[in-house]
Student: 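Mind having a look at this structure? Questions to follow.
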Amino acid sequence: MEKNKITEFYSRFSEPEFIETNYYQGNDLGSVWTKEETRFRVWAPTAEQVTVYLYRSGELGDCFLNLSMSKDRKGTWLAAVEGDWNGTYYTYGVTVDGETKEAVDPYAKAVGVNGNRGMVIDLLATNPEGFTLEQKPFFAQAADAIIYELHVRDFSSDQSSGIRNKGKYLAFTEKGTTNYHGDRTGVDYLKKLGITHIHLLPSFDFMTVDETRLSEEQYNWGYDPQNYNVPEGSYSTDPYNGKVRVREFKQMVQSLHQNGLRVIMDVVYNHTMESNESNFNRIVPGYYYRLTQDGSFSNASGCGNETASERLMMRKFMVDSVVYWAKEYHIDGFRFDLMGIHDIQTMNEIRQALNEVDPSILVYGEGWTGGMSPLPEWKRALKDNVKNMNPGIAAFNDNLRDAVKGSVFHNSDRGFVSGRDGLEESIEFGVAGSIWNEGVDYGRVLYTNSPWAVEPTQTINYTSAHDNLTLWDKLSLSNPDDSRENRIRMNLLAAAIILTSQGIPFFQAGEEFLRSKPLNEEGTAFDENSYRSPDAVNSLKWNDTTTNKEVINYYKGLIAFRKAHSALRMSKAEDVRMKLKLMDWSQPNVVTFTIVNDIDGMLCVIYNANREARTVHIPEGEWKVYVKGNQAGTEVIEFIVGEEVSVEAISAMVLIK
Ligand code: CA
């Protein structure tokens with residue numbers, strides 16, 4: 001469609017009369033199957049004519065039947081067809097301004113190969129046995145979460161996984177798998193770590209992996225959305241049959257749940273892979289996106305367009321979509337890519353809608369954008385606006401991330417653990433959950449001069465994720481002259497900071513066994529943006545779990561310790577302010593704090609980032625040590641009496657009295 005025509009529509013979409021006449025609030029958009037009939041409803045207020053095309057195949061052949069839709073309530077079009085149409089593929093032909101385009105239903109619940117046709121589906125029949133009534137793993141409150149970020153393919157694609165269904169959803173259903181040394185891999189391994197949630201990188205249907213060429217090596221993280229309400233086909237054993245991916249995704253969720261792990265989805269509603277030719281835009285040109293003044297697609301995502309969550313039918317689409325995943329697939333949390341592109345009201349409505357399904361569902365996101373947006377800053381779901389959002393919405397904490405290990409934008413930049421001075425206040429800011437605490441000197445905190453969270457559960461604390469260098473690669477580049485032993489100490493100290501801070505800890509899969517994405521054999525160059533790099537770079541190398549067992553054991557010990565002590569998992573800012581005390585007697589590159597509560601008594605946590613041991617002052621008493629050097633856990637390592645303790649170089653110490 002011509003630009004000036006789109007601009008003309010675009011201004012109409014904001015008029016109160018258009019909104020009043022065309023805001024459809026029903027819950028039956030898409031195709032709704034029953035044995036007796038299938039009904040199709042699509043929202044297309046600017047269309048002159050809409051037709052449903054029915055196909056036998058998801059890929060080939062002409063339409064064998066077309067159904068003319070009739071204009072119905074609030075901008076929607078409706079068609080019904082008698083009989084059992086389960087497994088029939090369909091698209092819509094939408095005529096706007098004399099031009100007809102074929103589009104996949106944005107509300108499609110299943111699709112054919114490469115997502116080019118929707119499919120009518122009997123969803124109940126895709127449920128694996130026991131799924132309908134399955135029990136989710138017990139989970140009391142957001143502060144208890146320990147999140148592990150994982151890409152479906154990375155999990156199993158390497159030979160060393162010992163997993164048969166490499167790169168597939170079904171990899172998560174395999175038990176008893178081992179690496180070359182006989183150590184557990186797969187879900188057996190995940191279960192033993194102690195984490196509570198698996199956060200999956202985009203697993204809805206994305207575009208860049210060609211599902212018809214799966215014998216060839218292809219890889220993508222999946223931040224290129226095509227069909228939001230359908231699982232990605234390349235992770236299924238048969239992308240041609242629309243039912244298979246639906247069933248296998250459910251099998252994955254069920255298996256993770258059976259192993260005590262909840263499942264979070266990374267969702268990318270902020271942009272679509274296609275702009276002008278996306279399904280949204282073929283059906284209602286110009287509606288679902290923000291445009292610049294000259295009628296071009298605005299691009300706050302850095303990916304060619306940005307969606308317009310403030311538009312009521314886009315907002316409804318997002319709310320409907322997460323609720324659908326939560327109900328149909330039993331998803332336990334959502335991570336919003338570039339959440340700052342969405343408006344605050346939409347995020348709040350998503351939180352409210354999910355509360356009605358299950359209030360324990362987690363909601364968090366990236367509190368930033370990837371470029372300029374026409375949406376005013378005060379409306380954006382940015383980290384700095386988290387304080388104006390529902391307390392059940394959290395943001396990634398880049399202040400703590402970069403304070404711990406150095407800037408993600410400068411490979412040689414160091415952080416607290418790797419030898420940069422003057423970051424004590426930034427670490428304390430993170431320790432206290434990024435809320436207001438009298439012990440923090442905000443004038444000295446990295447990237448901010450005030451707290452941005454109202455409740456500690458609004459911060460996701462982390463030092464590594466899929467973006468940028470892995471933690472181990474970052475330490476290799478920022479500290480090339482340090483010994484491997486010292487770099488391991490830095491890694492352990494980073495983990496100790498994240499797992500003893502208030503808020504929700506998060507780490508990238510494999511951080512606990514020194515995951516690396518090398519670009520050469522010398523280990524001098526690493527892949528910091530591996531979104532389409534081969535499996536050889538991205539996959540988890542399971543044999544490293546044997547080599548780096550000591551590091552894994554430290555993570556496991558910290559996780560177990562965190563789970564055993566509610567003092568590290570406070571939900572309320574008031575409690576943190578009352579019970580957590582940052583000590584001002586610390587020395588350079590040392591952070592010390594205590595937490596007192598009725599159950600745990602007094603916890604004392606010390607981080608020493610200096611390259612030498614330090615004698616640190618602590619409250620006087622008889623102390624039991626649980627974390628020291630490269631050891632951590634729920635067993636007492638040693639007893640200490642007095643008001644001083646020696647803390648090893650580049651290490652954390654945790655004591656209880
Ligand atoms: Ca796909």
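Every number for a ligand or one of its atoms is a count from 1 in the order of the listing.
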Student: Tell me, please, which residues at least two apart from Asp210 pass salt bridge (charged side-chain N to carboxylate O under 4.0 Å, His left out).
Tutor: Arg213
Student: Once salt bridge (charged side-chain N to carboxylate O under 4.0 Å, His left out) is applied, do any residues pair with Arg117, and if so which ones, sequence neighbours excluded?
Tutor: none
Student: Can you tell which of Tyr287, Phe13, Trp43 makes a side-chain contact (heavy atoms from CB on, under 4.5 Å) with Asn22?
Tutor: Trp43
Student: Would you mind counting protein N, O or S atoms that sit less than 3.0 Å from the Ca ion (ligand 1)?
Tutor: 4
Student: Take Asp266 and Tyr223, measure what side-chain hydrogen bond (donor to acceptor under 3.5 Å, both in side chains) needs, and give me the verdict at the end.
Tutor: CA-CA 9 Å; Asp266 192 337; Tyr223 294 92; 2.5 Å; yes
Student: Less than 3.5 Å apart, any donor N or O on the side chain of Thr95 or Thr100 sitting next to an acceptor on the other?
Tutor: yes
Student: Asp122: what forms a salt bridge (charged side-chain N to carboxylate O under 4.0 Å, His left out) with it, not counting sequence neighbours?
Tutor: none
